Number of protein chains: 2
Amino acid sequence: MKELSNLLGYRDTIRVLDCTMRDGGLVNGFGFTDEFVKALYQTNISAGVDCMELGYKADKMIFDQDKFGKWKFCNDDDIFAVIGDNADKKIKLAVMADVGRCNFREDIRPRSESAVDIIRVATYVNTIPECCLMIEDAKNKGYEVTCNIMAVATSQEADIKCALEMIAKTGVDVIYIVDSYGSLYPEQIARISDLYLEYGNKYGIEIGIHSHNNQQLAFANTIEACGDGVNWLDATYFGMGRGAGNCAMENLIAFLRNPKYRIYPVIKFIEEYMVPISSECKWGYDMQYLMTGILNQHPRTAIKFTADGRHDYTGFYKEIVAQD
Amino acid sequence: MKELSNLLGYRDTIRVLDCTMRDGGLVNGFGFTDEFVKALYQTNISAGVDCMELGYKADKMIFDQDKFGKWKFCNDDDIFAVIGDNADKKIKLAVMADVGRCNFREDIRPRSESAVDIIRVATYVNTIPECCLMIEDAKNKGYEVTCNIMAVATSQEADIKCALEMIAKTGVDVIYIVDSYGSLYPEQIARISDLYLEYGNKYGIEIGIHSHNNQQLAFANTIEACGDGVNWLDATYFGMGRGAGNCAMENLIAFLRNPKYRIYPVIKFIEEYMVPISSECKWGYDMQYLMTGILNQHPRTAIKFTADGRHDYTGFYKEIVAQD
């Protein structure tokens, strides 16, 4: 039963999180200009977006700072320099910390020394203990914490349940359903939402959704989950994100009926900033991403196909079917 | 309750109709080469597609034959010349006849003199009497007949019910839900499907869906309707269709689990024919189509915006909001 079935109303527990710089950063190597970041920050505030993710807290031992833009690392000083201290808190700032790819003890400073409000810990289902450690570390430092369990479509339901139980006990604030490969249909999202909400309701934790557009279902899956009771909704401007991209902010803001959300600033930012950036780097629905999506595979082969400038879809299909 | 909730099974009453040449013809002026048409016909057969729509039966009094490709008119002789008589009936051939824009008495010959199997009568809700006349004419000539009630999202429910009752009594075979403006969300599609299926079940008529991608929901709405019991599903290769385009055939064929549907021929046709045509004419999701979609407006202003090569989304938004 859809809670939003009266589409003219709204639910004020919904939170929209802009992850353009984080998931979109995977497309352009986190090479956003300071002007872009400042304009995006102001746009998010004008549009009523609740949270803005700035990028990753990537481990500098593993990733070379000279090879990526600064938003791969989200140093607190860089955030202060570009955005400021965000003291009026019209929007919450978030960063993502990947399990196994983040030197969290050193690189995540106490919240009192940072402009960041939310740490988003991203994990696969096989690294839950370290994930829990990172969640607790961030909670102890004063942050709100979300946990994004990636690639849910390739995990066993029993493992997911075990992971949800372990994560829920850390005191995490939000647990995310993540359709990393863009392989899920709305009906599957409904079932997964029910499962996550069972744990969310039991432990007083919000549930979120992060979707990919491999099958042109990123927005549809997001509003499906929203209708099922999921409150935290990820989106990116013009759908910018790895491979086929994400749920488009313009679709989501146009759908939500809470008057605090406003579409005009979104349209303006897309016209002024996203159209130009879309001519410099590629993302969005295309056949190679559809194919990895329907085969429930990581999009890395499709990303390489795109980067190589290939257009032989049939050749690619033969390769990935053979590989499956 | 979704009938397809077990996504691993299938329902053998489903029919896929390819309307690439008809809705896509609105993009390129019906200028498909004979080679394209022959390849599409063979592809549809290989992919297991059930019906192929060739174009319109447009009134030559109203439309100048010199200004459009031949598939705007679908003369029987042209069909015989390019496709042949389709005698082995591996696929059914369809044409669309618009109420008020088709000289049906003369231009639709008896089925025995044509390769066409299905007449698709397209109407707005305010022209049902002439629509019924056209349905009866086509039935009397031996055709299967569908009725496509356009722009359902702008019609009163009471009028829709009245129209369904009148159309159902003609002996029509299929009635289509048509989201002409791409304004509907899956939950609305579910409610409309229930309404149409009530009449379908009462009169033994199949229900179909034809969607547009203004909000990136064409595929999602199609499988929503399918899950609700709608059997006739329209799609186009690479989503080619007016404005934001339609439900993409590649998405739909990848979703359906009936082994008769095969994805590889679809991929091959897109690689060989749709990618080249997409560099010659424009369709697909873009901001201007999103805006007419969310405002539940005809896309003609957005189509003109595209044709004029404009990119000032904010200017366009101001124009159509003022107009609304």
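Note that the structure is predicted; figures quoted are calculated from it, not measured. Numbered from 1 within each chain, the chains take letters A, B, ... in sequence-line order.
- Among all heavy-atom pairs drawn from Tyr285(A) and Ala248(B), the shortest one is OH-CB, 4.3 Å.
- Other residues, nucleotides and ligands contribute only 12 or fewer heavy atoms inside 6.0 Å of the NZ atom of Lys282(A).
- Taking a 6.0 Å sphere around CD of Glu280(A), one finds it holds more than 12 heavy atoms contributed by other residues, nucleotides or ligands.
- Per-residue heavy-atom pair counts under 4.5 Å with chain B were compared for Asn213(A), Ile263(A), Asp312(A), Val275(A), and the maximum is reached by Asp312(A).
- Rounding to the nearest 0.5 Å places CZ of Phe238(B) at 10.0 Å from CG of Leu290(A).
- Heavy-atom neighbours of Lys304(A) NZ from other residues, nucleotides or ligands within 6.0 Å: at or below the threshold of 12.
- The number of heavy-atom neighbours closer than 6.0 Å to NE2 of His298(A), taken from other residues, nucleotides and ligands shown, is above 12.
- Interface remark: of the candidates Asn221(B), Asn214(B), Ile270(B), Ile270(B) forms the most heavy-atom pairs closer than 4.5 Å to chain A.
- Annotation: the span from Phe255(B) atom CZ to Ile294(A) atom CD1 amounts to 12.5 Å, rounded to 0.5 Å.
- Summarising the geometry, atom CD belonging to Gln215(B) is positioned 7.5 Å from atom CD1 belonging to Ile223(A); distances are rounded to the nearest 0.5 Å.
- Considering CD of Glu187(B) and CD of Glu224(A), their distance stands at 7.5 Å, rounded to 0.5 Å.
- Looking only at heavy-atom pairs under 4.5 Å with chain A, the residue among Glu271(B), Glu272(B), Gln188(B), Gln216(B) that has the most is Glu271(B).
- For Tyr185(B), the part lying near chain A is the side chain, with the backbone staying farther off; criterion is any non-hydrogen pair under 4.5 Å.
- Contact annotation: the side chain of Lys268(A) never approaches that of Tyr317(B) to less than 4.5 Å [non-hydrogen atoms, C-beta and beyond].
- A 6.0 Å sphere centred on CZ of Arg262(A) holds no more than 12 heavy atoms belonging to other residues, nucleotides or ligands.
- Both the backbone and the side chain of Ile267(B) come within contact range of chain A, each with at least one heavy atom under 4.5 Å from a heavy atom of that chain.
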